[in-house]
Number of protein chains: 2
Amino acid sequence: MTSTPDARPLSDLSAQELHALAQTQREAHAAQAAKGTKLDVTRGKPSSAQLDLADPMLSLPSATTDRAGTDVRNYGGLTGLTELREIFAELLWVEPEQIVAGGNSSLTMMRDVLVDLLLFGAIDSPRPWAKEDKVTFICPVPGYDRHFALLEDLGIEMVTVPMTDEGPDVDEVARIAGSDPSVKGIWIVPTYANPTGAVVSHEVASRLAGMETAAPDFKIFWDNAYAVHHLTEDEAKSADIITLASGAGHPHRAVMFASTSKITWAGAGVAFLASSVEQVAWYLEHLGKGSIGPDKINQLRHVEFFGDADGVRAHMRKHAEIIAPKFAEVDRVLTERLGGLGVATWNRPTGGYFVNLDVLPGTASRVVALAKEAGLSLTPAGASFPHGQDPDDTNIRLAPTMPPMSELTEAMETVATCVLIAAAEQLGATTKE
Amino acid sequence: MTSTPDARPLSDLSAQELHALAQTQREAHAAQAAKGTKLDVTRGKPSSAQLDLADPMLSLPSATTDRAGTDVRNYGGLTGLTELREIFAELLWVEPEQIVAGGNSSLTMMRDVLVDLLLFGAIDSPRPWAKEDKVTFICPVPGYDRHFALLEDLGIEMVTVPMTDEGPDVDEVARIAGSDPSVKGIWIVPTYANPTGAVVSHEVASRLAGMETAAPDFKIFWDNAYAVHHLTEDEAKSADIITLASGAGHPHRAVMFASTSKITWAGAGVAFLASSVEQVAWYLEHLGKGSIGPDKINQLRHVEFFGDADGVRAHMRKHAEIIAPKFAEVDRVLTERLGGLGVATWNRPTGGYFVNLDVLPGTASRVVALAKEAGLSLTPAGASFPHGQDPDDTNIRLAPTMPPMSELTEAMETVATCVLIAAAEQLGATTKE
């Protein structure tokens, strides 16, 4: 972050100066609260303008048979439409026979895989995971709250490792996975991670793919939710984890997930699962007990809308045109209000849906509470950590895509105000001693 | 069944007469095989003409907000659209707050509930079902093969009871459920059962709802797949199992499932789950860990298409116009060819998707094999029994909706031919001794 010309770190201020600053910010806070405006930057939801981009789909498909001539209105076709699988195989760097097109939620596919692992075990498991004394997942933090909630609900324990700019701290991951056979998996959001925006480097991916693990059936849950969700022309390419793992002698280690939830419609897209051909067959075997096939009409609707992989890429550039200015606005306000003050750091993601804000340790909960008083909903402090517990109480996830620009500006001004009040309170308490 | 004027039971024929009959039928069989026509009456799939009825949905919805003004394109709304729940609450005789509208498959909801019962237990369970030594389901037979496959995959044992014209043999059900605490549930297809077409009477439903069970958390899986799928003006009304169970002091006993798979599109409909408000909350709690909401666009599409519950009823009468003649044709051919011969009985369902054919004990597998030789695919003998084992080898499920009428006639003629050959073989073997 650049600092404003006259910015001095708050820790350099005298008690009197700190008091004056806090007073000014409290007045701004009270003024915002008095307006009664309701603002919300909690969830990574597309805005109406983004959803509008897919509205031509409302009158698709124009046909009711797929390329093979099968009636998409009827039962069947558990793997999903071949032509849709081909498009996303290209985008996700896998072979069409390695990918399944499903319903409207990759989160559902993740839960299904976890449930199947618990009840049946994987093709390389000695026994169902539920028969183990304990199952543990490595959770890079900060991470995606729904990943952690899923594990918590299923009774799977969590051990955290720090995120770096290149993905998880892979030395820590290798140490933990290499020594503890109860450690059966890891969550990775490889491209524009939720919430840090980090992209897993080829080196980190290679280590994850090749490392020795104490469990013979260690799984990488590779949630490539933002694979094509670029904000700049510097488009990150996801590491090809399935090929890397296979090449390292662990063909069934990686399971990739993706969806069009943030490409077409958040509630009515198509989700994908990819892995080794054998592991895909294992998934389909159990899926087929509770499904006679996905919504192939919605899949054909997507095929007709996109045409091909380049159609998806072109569509994503339209999203970037809408949301890149919002990310720029977050950075502008935070820089202007907090730059050089030593009370917050944040990232400038080149893709994805989040800005990761770290405030003074011990103040994140206070910032969220202050924001609420002013009418601004922030993701609860700690949400990006297992069980909602951020040990340093420092991390706040900002989701700038949903609000209109004017509301976003107001929300970020309010965030800055709350960060300053909380910082002044904490530094003031220290200064007094 | 009425008999043809000159029909004599095959068991009354002399060895010579039987031989002559078999010879005639074998010639017909050979002729059919020589034609090389491929016929299929295996699965209960709607025909193209039925699917066409819903084609106006291809350009719906016309709006992108629901009645409450929520954007249906975005995430959220785990319970499904209120207006769609209201329509199906009326049709299924429940309150809107007791019903959830989900994705395209009620089978998926059934599997989800079974998985949740195994992993977490119900709200009235002493422990997760997976922690029990054994879990057993009562399976009325003949029944739906996918119900049984689901249990088999999940390691749940099955005990059978016979179906009657009023539903399962409820004395047997009460005896088994009342004495064995491992017996945790029962499958019921209450309206136009798959495959017998039976409708559960109010008396049987009341017994099921009120009976004492050894397990405190006994569940009735009430798969009301054919609730509105009438073939005649004599429209069966499903017993109101949820109210009956609640009134008998077992509010969480029944879980109802339904879908529009055989109303709009088999692959792209909407599925429903209904139960007590508390049990619905339990279901949603776990569902919400793996879902941010169903495809609300498809739900709104259905709401606009139907308008209201009467819209669904009117739509179902169009289905009946298409498929009732097919059921009549099955009965016509079987009566003409097999009536009075004492080698087969079958039902004349007033709704649903199947005709249940019982042939001479010990000959069902032979009939299916003979049909295959002649180019006709029949559901495997035994499919309507747990583990595919029909102890009497007598039951064959016919699904007449999918083939065009000319193919259906040819298929039923072939069925009759194969039934006669198998019967003559069996009776001939006896006669020879």
Side-chain angles (χ1 to χ4, degrees), chain A residues 43-48 51-52 54-55 57-64 71-77 103-105 107-112 114-115 118-120 130 146 149-150 152-155 261 264-269 285-298 301 402, chain B residues 43-48 51-52 54-55 57-64 71-77 103-105 107-112 114-115 118-120 130 146 149-150 152-155 261 264-269 285-298 301 402:
Chain A
R43 303 291 333 172
K45 293 166 84 166
S47 64
S48 297
L51 297 167
D52 290 347
D55 276 0
M57 290 208 308
L58 287 168
S59 49
L60 295 178
S62 58
T64 55
D71 191 331
V72 294
R73 302 170 303 178
N74 223 321
Y75 288 115
N104 77 326
S105 168
L107 191 66
T108 299
M109 288 173 145
M110 296 174 211
R111 185 172 194 264
D112 285 348
L114 285 170
V115 163
L118 285 168
L119 293 177
F120 311 107
R146 291 189 193 272
L150 201 46
E152 187 173 0
D153 190 54
L154 294 171
S261 292
T264 54
W265 289 322
E285 182 199 336
H286 297 295
L287 181 75
K289 296 297 188 294
S291 172
I292 317 179
D295 181 342
K296 298 184 299 300
I297 291 186
N298 199 36
R301 187 176 286 127
M402 179 82 172
Chain B
R43 303 289 337 169
K45 293 167 83 166
S47 64
S48 297
L51 297 167
D52 289 348
D55 276 359
M57 289 209 308
L58 288 168
S59 49
L60 294 177
S62 59
T64 55
D71 192 329
V72 294
R73 302 170 302 178
N74 223 321
Y75 289 115
N104 77 327
S105 168
L107 191 66
T108 298
M109 288 173 144
M110 296 174 210
R111 184 173 195 264
D112 285 347
L114 285 170
V115 162
L118 285 168
L119 294 178
F120 310 108
R146 291 188 193 272
L150 201 45
E152 188 173 359
D153 189 54
L154 295 170
S261 292
T264 54
W265 289 322
E285 181 199 336
H286 297 296
L287 182 75
K289 296 297 189 295
S291 171
I292 317 180
D295 182 342
K296 298 184 300 299
I297 291 186
N298 200 35
R301 187 177 287 128
M402 179 82 172

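In what follows, chains carry the letters A, B, and so on, assigned in the order in which the sequence lines appear, proteins first and then strands, with residues in each chain numbered from 1.
- Of the atoms belonging to L51(A), heavy atoms from both backbone and side chain fall under 4.5 Å from chain B.
- Side-chain atoms of R73(A) and T264(B), non-hydrogen and from C-beta on, never get closer than 4.5 Å to each other.
- Between chain A and the residues D71(B), L60(B), L118(B), D295(B), the most heavy-atom pairs under 4.5 angstrom are made by D295(B).
- Under the salt bridge (charged side-chain N to carboxylate O under 4.0 Å, His left out) criterion, R301(B) pairs with no residue, sequence neighbours left out.
- Under the side chain to side chain contact (heavy atoms under 4.5 Å, CB included) criterion, M402(B) pairs with N74(A), K45(B), not counting sequence neighbours.
- Of all heavy-atom pairs between G267(B) and N104(B), the closest is O-ND2, 2.8 Å.
- In terms of heavy-atom pairs under 4.5 Å with chain A, the best-connected choice from E152(B), H286(B), K296(B) is H286(B).
- When the candidates A54(B), S47(B), P46(B), G155(B) are compared by the number of heavy-atom contacts under 4.5 Å with chain A, P46(B) comes out ahead.
- When all heavy atoms are compared, the tightest approach of Y75(B) to G44(A) is CE1-O, 3.7 Å.
- Chain B forms more heavy-atom pairs under 4.5 Å with one residue of P294(A), G288(A), G103(A), S62(A) than with any other, namely P294(A).
- Comparing S48(A), S105(A), A130(A) by how many heavy-atom pairs each has under 4.5 Å with chain B, the most go to S48(A).
- Most heavy-atom pairs under 4.5 Å with chain B, from the set L114(A), D55(A), D112(A): that is D55(A).
- Neither the backbone nor the side chain of L287(A) comes within less than 4.5 Å of any heavy atom in chain B.
- When side chains are defined from C-beta on, L150(B) counts as touching L107(B), because their heavy atoms get closer than 4.5 Å.
- Side chain of T108(B) to main chain of G290(A): a donor-acceptor pair is present (N/O by atom type, distance under 3.5 Å, no hydrogens or angles).
- Contacts between D153(B) and chain A at a heavy-atom distance below 4.5 Å involve backbone atoms as well as side-chain atoms.
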